[in-house]
Structures are given as C-alpha cells and as structure tokens.
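Written below as structure tokens is the structure these notes are about.
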Number of protein chains: 2
Amino acid sequence: MREKKYCYEYPRPALTTDCVIFGFDSEKLKVLLIQRKFDPFKNQWAFPGGFVDMNENLETAAKRELYEETGLENVYIEQLFTFGEPGRDPRGRVVSVIYYALVKLSDYKIHAGDDAGDARWFEIDKIPKLAFDHDKVLEKALERIKGKIIYQPIGFELLPEKFTLSQLQNLYEKILEKTLDKRNFRKKILSTKLLIKLDEKEQNVAHKPANFYKFNTEKYQELLKKGFEFQI
Amino acid sequence: MREKKYCYEYPRPALTTDCVIFGFDSEKLKVLLIQRKFDPFKNQWAFPGGFVDMNENLETAAKRELYEETGLENVYIEQLFTFGEPGRDPRGRVVSVIYYALVKLSDYKIHAGDDAGDARWFEIDKIPKLAFDHDKVLEKALERIKGKIIYQPIGFELLPEKFTLSQLQNLYEKILEKTLDKRNFRKKILSTKLLIKLDEKEQNVAHKPANFYKFNTEKYQELLKKGFEFQI
DNA sequence: ACAAAAGTGTTCGGAATACACCCATGT
DNA sequence: ACATGGGTGTATTCCGAACACTTTTGT
C-alpha cells in the first residue's frame, strides 16, 4: 500500500476527465474506446480519461489523458457534462468532467491501434456494454452533437480535407438518424457559401465520379464573428 | 488549526457546486447573489454554493447549498458548466460544478431577504464585480438561457401563475436583448396552444386591461414526449 | 377628452418541401 | 448494355417579417 500523504480537513472526491471522441469513415459514425487494463471493469471498454493533476486545468488534463491512452493529439475538445453520482465508480467517489471532440479519422487512425491494441474505433451502433456509467455518457454526447450539427457546420471536423457532397450528406444522416433529400441538402449546404468546389473528381468508381469540395475555414471564422446562423 | 484527517495517495482538488438563479419581476431580469461572510472575497457578492458532501450527488449538493444560503427550495436546476482553472480560488485548487435555474420571483422573494440580508436579487444590468470567476459564470449562464428560450418555452418558469402576453413578451425581450413585434409574438406563442386564456383581466390599470393567461403544463409534458419543436 | 397599453389581420418575400430524370463512369 | 450513384430545377406550401388602427380603461 502506498503512503497516503495528501491530507485534508474534509473528504474530497477524486476528479477525473474523460473524452468522447467521434470519428467518421465516410460510412459510419464511430467513437474511440480504450480497453481497461486494470480493475475496476478490467478488460471492459471505456472512454479514455483519468485523474486530473493538481495544477492542470480540466481541458489540458482531458487532452493529456487522451494522448497517453490513444495517441491522439491536437484535438479541439469541448466540455460536455460532469457526472458525479456517488457509486458510479466502485473505488469510491469519483467526479468526471466529460469532454467531447470530432476528429478526422484519416488523421488519426494509425496511432489508435486498429484492433490488436487497447484503443479502437467502434461503430456507433456496435458499442459493447461500457465500463462505469459510460453508456449514459455516450447518450449525452450523441444528444449534444445532434443538437449542435443542426446549427453549426461541425460536420466538416469529421471529414477529410477533400470530400464529396454525398459523403457530407451521409454524415448528416448518420448523426441525425434520418434521411435527407439530396437536392434540398445540396441547395442548403451550398447556399452557405462555405464550400469550395475543387477541380478534382473521384476516381475508379463505377458511376459518375463525384466532385470533391473543401470547407472554407477562413470564411467560416469570419461569419462566426458576425453572428452566423444556419440551419440544416 | 483543525486536524486534517482525510488522506489520499494523490492530491485532490476541492469540489463545490454553485447556482445561478434567474428571476423576473415583470420588468427586469434578475439573479440571486449572496454576500460572502468570510475570506476569500469577504463581503463581495457571489453565486450561492459550497462544498459537496461525500455521499451527496452534485445536484443535491447544489440545492442544499442554495437552500442553506438563500432559503430557496424545490427549485428545478440544470447543470450548466464546470469551472476548474487552477488559481480561480485563492485557497487552492477548487473545481465548481455550476447549476442554473429559473424561478418565479413571486414564490421566493420573501425568503431571500430583500436588501438587509446577505442574499439579494440583482438586476442583470446592475451586477457588482463578483467574487472568484463568477463574472464568467454569469456570462455563460446568460448565454445558455438565451440559447434555450428560443426553442423551449422556459419563459413560463420565470412568470407568476397568471400572466399577460405583454409580460411574457417583455420577458423574452429582456432575455434575448432585442425587441419583438407584438402581433408576430402573439401569433407564434398562441400557435403553440400552450397557453390557456383565463376569464380574468388586469384591474386598476389606466388603459385597456390585459387578459391573463396560464401555461398548460400538462400539454407541454405531452408534447415533450412526442419530440416537441418550437421557435420564437 | 386624453393618455396608455391591449388587442387584432393582411400582405409579401423567401425558405422549406416534395418530387424525377439525365449523366458519367466501370464492368 | 447495364448498373451505380452523381448531379440538377421547378412548383407549391408554409413561415417569418413588416406594418397601423381600434378598443378599453383611468384620470
């Protein structure tokens, strides 16, 4: 047993951060899970995370743990919710501040270890029973991105640099869990003027090749300052 | 010095909850502040809150502190955000989970102590410099209710049982910080069918007396289940 | 009679929706 | 030639925005 040398007048819960990382592979929405090496919930899957250091802000802690456990770095994360039910961790009272992020799978899939490792992408509808209360965490995170994608073009975070309009539509359909009309979707998404049509098409596809587009980040930043509104 | 008898292997931040409570007096949007009795920030105003007990969930802690410090009870609160910058509390690392709520001023103004006490309602545009990072907390809370009132009829939480359409409109205008067209506002708010017109009018007003309405809570609950959408 | 806020309808333009066929490519 | 998904336009409906006068009360 290690020495317990940090003492306080009143009891304190332990504080952790966890990250829900969403990715998209042009087909399926996925989340990044790690397999726990130790008890509690040894060998079960969970969101990457861990204890916050004493002089580290919450967001930094979340990013650090994410990097340590999965190799992902330079990720833009946002705070989602704080879970603190007594009893959610069998080791004692643990309060977890949850962050979430959307990443381009293509940027990261190498590091995360495809399946042999202990960090893996799971399709959103093939998630195993998770450790702790992470099922509830996932539910909350899905709710958040659904709400968010409708009025902010966060979808681009999930796609590669170059993408086709069908890929983008597919992404929206997967996140919102409903189908969208192709012509109306294109009309609306193009009307934002946030897409730049590239002089490049798909290759080696057995149908009319789709044009690639990229997201106009600069323009989006400008619009944000002016109080941008948008609605899928 | 008290004995420090709670010891851990690793250092732990202290955990607190605070509440941002909004009220509305038919005229002005207000928030409930308490005046701190002790250092740090002795005599400065802050949101009510305090340390979380070890076996208490976060929401319960927030409500308990709110009751102890202001007398408010039976308040429906929602989690807003967690603040945890090192240095935000001069006593050491403190992480605060912030909750917010909207309450009917009429239900509560007695308990809170009008001005002599150490809990007071402050008009939103007459807030003093607050303790800790509570300025940032308030900013975040205002952002949240602005975003929320547009697509959820939370305004009713702030009004008395019976209210006039002008009061309701005034509330929306104060929260959104913009004026609304009277006819369009009424059309839209009535089209939700969530208001019940009462057989009762204002009295002793030097103009055409306004009709009172009340909010149809049952119907709203039903609509929520069916996935209600609405937009001011 | 006057002041003050309540209450009420219509018009117009733009956005949302619904909908079907031709195009370019690989096999 | 055929199968596959890409790409495109129009008509209709619905919703948001703009806008001004009459009503009821107290003084």
Side-chain angles (χ1 to χ4, degrees), chain A residues 25-28 149-153 155 159-160 162-174 176 178-214 223 227-232, chain B residues 25-28 149-151 153 155 159-160 162-174 176-214 223 227-232:
Chain A
D25 70 354
S26 313
E27 194 52 49
K28 300 275 192 177
I149 202 173
I150 301 174
Y151 63 90
Q152 279 185 25
L159 290 173
K162 303 169 189 175
F163 52 87
T164 69
L165 294 181
S166 295
Q167 286 175 333
L168 183 60
Q169 181 175 345
N170 183 238
L171 167 60
Y172 271 83
E173 291 182 342
K174 291 289 153 57
L176 297 174
K178 66 180 181 186
T179 58
L180 302 169
D181 180 84
K182 185 164 53 161
R183 279 171 289 192
N184 294 336
F185 178 80
R186 282 163 189 245
K187 219 183 301 172
K188 201 167 343 175
I189 212 82
L190 290 175
S191 76
T192 65
K193 310 265 189 185
L194 285 171
L195 292 194
I196 298 168
K197 188 172 184 172
L198 300 176
D199 191 19
E200 191 180 347
K201 292 183 197 304
E202 281 182 315
Q203 293 194 338
N204 304 317
V205 287
H207 55 78
K208 178 171 176 179
N211 215 302
F212 283 115
Y213 287 78
K214 69 171 186 158
L223 287 176
F228 174 61
E229 300 227 348
F230 149 95
Q231 179 95 10
I232 271 296
Chain B
D25 70 354
S26 312
E27 194 50 48
K28 298 277 191 178
I149 203 173
I150 301 173
Y151 63 91
L159 290 174
K162 303 169 189 175
F163 52 87
T164 68
L165 293 181
S166 295
Q167 285 174 335
L168 183 60
Q169 180 176 344
N170 183 238
L171 166 60
Y172 270 84
E173 291 181 343
K174 290 290 154 59
L176 297 174
E177 297 181 282
K178 64 180 180 185
T179 58
L180 302 169
D181 179 84
K182 184 162 56 159
R183 278 170 291 192
N184 294 336
F185 178 81
R186 282 161 190 246
K187 221 182 302 170
K188 200 167 345 175
I189 213 82
L190 290 174
S191 75
T192 65
K193 309 267 190 187
L194 286 172
L195 293 193
I196 299 169
K197 187 174 186 172
L198 300 176
D199 191 18
E200 192 180 346
K201 291 182 197 306
E202 280 183 314
Q203 292 193 338
N204 304 317
V205 287
H207 55 78
K208 178 169 175 178
N211 214 301
F212 283 115
Y213 287 79
K214 67 171 188 160
L223 286 177
F228 174 61
E229 300 226 348
F230 150 95
Q231 179 94 9
I232 272 297

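Convention: sequence-line order gives letters A, B, ...; per-chain numbering from 1.
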Practice prompt. Find the distance Phe185(A):CZ to dA18(C):P and express it as a whole number of Å.
Written response: 16 Å

Worksheet item: Got a sec, which pairs hit salt bridge (charged side-chain N to carboxylate O under 4.0 Å, His left out) with one end in residues 162-173 of chain A, sequence neighbours left out?
Response: Lys162(A)-Glu200(A)

Item to complete: Considering non-hydrogen atoms only, spot the tightest contact between Gly155(B) and Leu171(B) and give its length.
Response: O-CD2, 3.2 Å

Worksheet item: Looking for any heavy atom pair under 4.0 Å, which part of the strands does Thr164(A) touch: base, sugar-phosphate only, or nothing?
Response: nothing

Practice prompt. State whether the side chain of Glu202(A) and the backbone N or O of Ala210(A) hold a donor-acceptor pair below 3.5 Å, judged by distance alone.
Written response: yes

Fill in: Length of the CD1-P vector between Ile189(B) and dC15(D), whole Å
16 Å

Discussion item. Is any side-chain heavy atom of Leu198(B) closer than 4.5 Å to one of Tyr213(B)?
Written reply: no

Discussion item. Just the rounded figure in Å: distance from P of dT25(D) to CG of Asn211(B).
Written reply: 12 Å

Item to complete: Please report how far the helix from dA1(C)-dT27(D) to dT27(C)-dA1(D) bends, comparing the axis fitted to its first five pairs with the axis fitted to its last five, to the nearest 10 degrees.
Response: 0°

Item to complete: Using atom CG of Leu190(B) as one end and atom C1' of dA6(C) as the other, report the distance to the nearest whole Å.
Response: 13 Å

Worksheet, complete the sentence: By salt bridge (charged side-chain N to carboxylate O under 4.0 Å, His left out), Asp25(B) pairs with (sequence neighbours left out) Lys30(B)

Fill in: Under the salt bridge (charged side-chain N to carboxylate O under 4.0 Å, His left out) test, residues paired with Glu177(B) that sit two or more places apart
Lys146(B)

Fill in: Protein-nucleotide distance (Tyr151(A), atom OH; dA15(C), atom C1'), rounded to Å
21 Å

Practice prompt. Take atom CD of Gln169(A) and atom P of dG5(D), then tell me their distance rounded to the nearest Å.
Written response: 14 Å

Item to complete: For the residue pair Lys201(B) and Lys208(B), establish whether any side-chain heavy-atom pair is separated by less than 4.5 Å.
Response: no

Discussion item. I need the CD-P distance between Gln231(A) and dC15(D), as an integer number of Å.
Written reply: 14 Å

Worksheet entry | Rounded distance [0.5 Å steps], CG in Asn170(A) versus CZ in Phe185(A) | 9.5 Å

Worksheet entry | Protein proximity profile, nucleotides 19-27 of chain C - base contact B, sugar-phosphate-only contact S, no contact -, cut-off 4.0 Å on heavy atoms | BB--BBBS-

Worksheet item: Could you give the CG-to-P distance, from Leu168(A) to dG6(D), as a whole number of Å?
Response: 12 Å

Discussion item. Under the rule for salt bridge (charged side-chain N to carboxylate O under 4.0 Å, His left out), what residues qualify as partners of Lys214(B), not counting sequence neighbours?
Written reply: none

Worksheet item: Can you tell me if the side-chain N/O atoms of Ser166(A) get under 4.0 Å from OP1 or OP2 in dG5(D)?
Response: no

